[in-house]
2 protein chains.
Amino acid sequence: MSQESPAAARADQPRRRAVSKRSLATSLSILDAAERLFAERGYDGASVRDIASAAGAQIASISFHHVGKETLFERVVERRASELSQLRLDALSALKAKAESLTLEALLSAFLRPYLEKAGAGDPQWLAYARLVAMVSADIRWHRISERCFDPTAGVFIAEIAKLFPQADRSAIAVSFIFSVSAMLSLSTSQWRIEALSAAAGNRPAMDRLADQLVSFCEAGMRAALEG
Amino acid sequence: MSQESPAAARADQPRRRAVSKRSLATSLSILDAAERLFAERGYDGASVRDIASAAGAQIASISFHHVGKETLFERVVERRASELSQLRLDALSALKAKAESLTLEALLSAFLRPYLEKAGAGDPQWLAYARLVAMVSADIRWHRISERCFDPTAGVFIAEIAKLFPQADRSAIAVSFIFSVSAMLSLSTSQWRIEALSAAAGNRPAMDRLADQLVSFCEAGMRAALEG
DNA sequence: CTCATTATTGAACGATCGTTCAAAATAAGG
DNA sequence: CCTTATTTTGAACGATCGTTCAATAATGAG
């Protein structure tokens, strides 16, 4: 409750310095390594020792830069969440600017494609991130992260879909939306299973082909579930 | 390579006894507790100590009855997998006996509904199991379990779907099938997220209503993805 | 009932977990 | 360049991990 004057604040906080380039690089490489290992082995399966080793840093650096394991996990998820949300909302804005009335396909495309383009470009960090999002979306232990990072944008798109289906109730829309998100995430988490079930030679389909198929699937599925 | 006579085999294996009822109960309660805790916290998040404690057994009993943690996990998954597969294949047989030509909706219903009816009946063990299956399906570390427990039945249904869409290629069918399975599993793993996105008062939809919506969603989605 | 086998018990194993610390090295600000 | 805040380092902490063991108790078979 003691409200300090700027002068007093400056007095007892002796001096301040900018972060060094090396420190920033360490912090970043820890985030990258954590992203990879958390995605690969899960939160409990990835140890801070392995993360530090993969980042070429000391174990103590993780606590120093990112408080602890749990905060590190949250920061890893948050890092790309805002970028992804921005891409989605930008696509939505572009859509609204172009046509006065939105279609369901355009809406789903705006939501689903940014994700798939990032992952499909082959960037291994984005592929890892996709697995992370799937983990967070499927585990109630991380519901606070979902609330903060993903639900706001999802809410915007659900509201737009609700305008297209005025007679459908909100929970039915939310259910269909989760179906769509789950299908999208399965492309990252279950690619190995798709290949196994495709049988025969491993002619894996290209990501942009998969993206088209996903949008078709979700558009038709949603329409059927909401119009019925 | 030494082929022993029955007499010799009986000689060096001194005597055999049936398992006691108590032993069987212990083994079973361990499986139940493991199912709950693995589903709740994941493989690495659930400790054998917590599992033993929840089962009212000693830690050493887990190694004694189920070899070790990894084997215990596999047995937990396998236990209900055969029952589930049987229900699905029975539904398929019933379908074939009734009508000479199958519809996509009937096929998907035969695959999806047994699962949802078990989980929807409110049996907490089956609800936990659904989360387990989602974990196995999304993690390549458990691909051997998927291969053994789930892929064979999935292959049967994919083959039936392939008959309905002769022009669609196998991998496209597999992709749509994984989309459908992911949507199904999301009802168990992301129910909390659905409720969050439904906003407003928590009027959660009944499971049989959700099942109808899921089948509609997947049927229309598959048709669009495979006919296009 | 007797006895050999099976199962349970409680304790301990070494390994690894996440976190913390003081000392040494680094680098920004004046 | 000097000072000093910042960062890195290596080691250690206590807690918990999965597994193993010898002993004790329980139990099916004869």
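The figures here come from the full heavy-atom set of this structure, side chains too, leaving out hydrogens, waters and symmetry mates. Throughout, a chain's letter reflects where its sequence line sits, starting with A, and its residues are numbered from 1.
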_I need a per-nucleotide contact map over nucleotides 8-18 of chain D, read 5' to 3'. Cutoff is protein heavy atoms under 4.0 Å; write B for the base, S for backbone only, - otherwise._
BBBBB----BB

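For CZ of B:Arg144, the number of neighbouring non-hydrogen atoms (other residues, nucleotides, ligands) closer than 6.0 Å is 12 at most.
Using a cut-off of 4.0 Å between Lys/Arg side-chain N and Asp/Glu carboxylate O, A:Arg36 and A:Asp50 are scored as not salt-bridged. Between A:Arg113 and A:Asp208 no salt bridge is recorded (no basic side-chain N to carboxylate O distance below 4.0 Å).
With the nearest nucleotide of DNA chain C identified for both A:Val19 and A:Glu70, A:Glu70 has the one nearer the 5' end.
Between the CD1 atom of A:Ile30 and the C1' atom of D:dT7 there is a distance of 11 Å, rounded to whole Å. Rounded to whole Å, atom P of D:dT7 lies 15 Å from atom NZ of A:Lys21. Atom pair B:Arg17:CZ and C:dT5:P shows a separation of 9 Å (rounding to whole Å applied).
Residue B:Ser20 has its side chain nearest to C:dA7 when only D:dA29, C:dA27, C:dA7 are considered.
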Show me the donor-acceptor pairs within less than 3.5 Å that the side chains of residues 120-136 of chain A make with the rest of the protein, sequence neighbours left out.
from	atom 1	to	atom 2	distance (Å)
A:Asp123	OD1	A:Gln125	N	2.9
A:Tyr129	OH	A:Val77	O	2.9
A:Tyr129	OH	A:Ala81	N	3.2
A:Arg131	NE	A:Ala39	O	3.1
A:Arg131	NH1	B:Ala138	O	3.2
A:Arg131	NH2	B:Ala138	O	3.2

Donor-acceptor contacts under 3.5 Å from residues 69-76 of chain B side chains, at least two apart:
from	atom 1	to	atom 2	distance (Å)
B:Lys69	NZ	B:Tyr43	O	2.9
B:Lys69	NZ	B:Ala46	O	2.9
B:Arg75	NH1	B:His65	O	2.9
B:Arg75	NH1	B:His66	ND1	3.2

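When atom types are taken as modelled, the side chain of A:Ser109 and the backbone of A:Val215 share no donor-acceptor pair closer than 3.5 angstrom.
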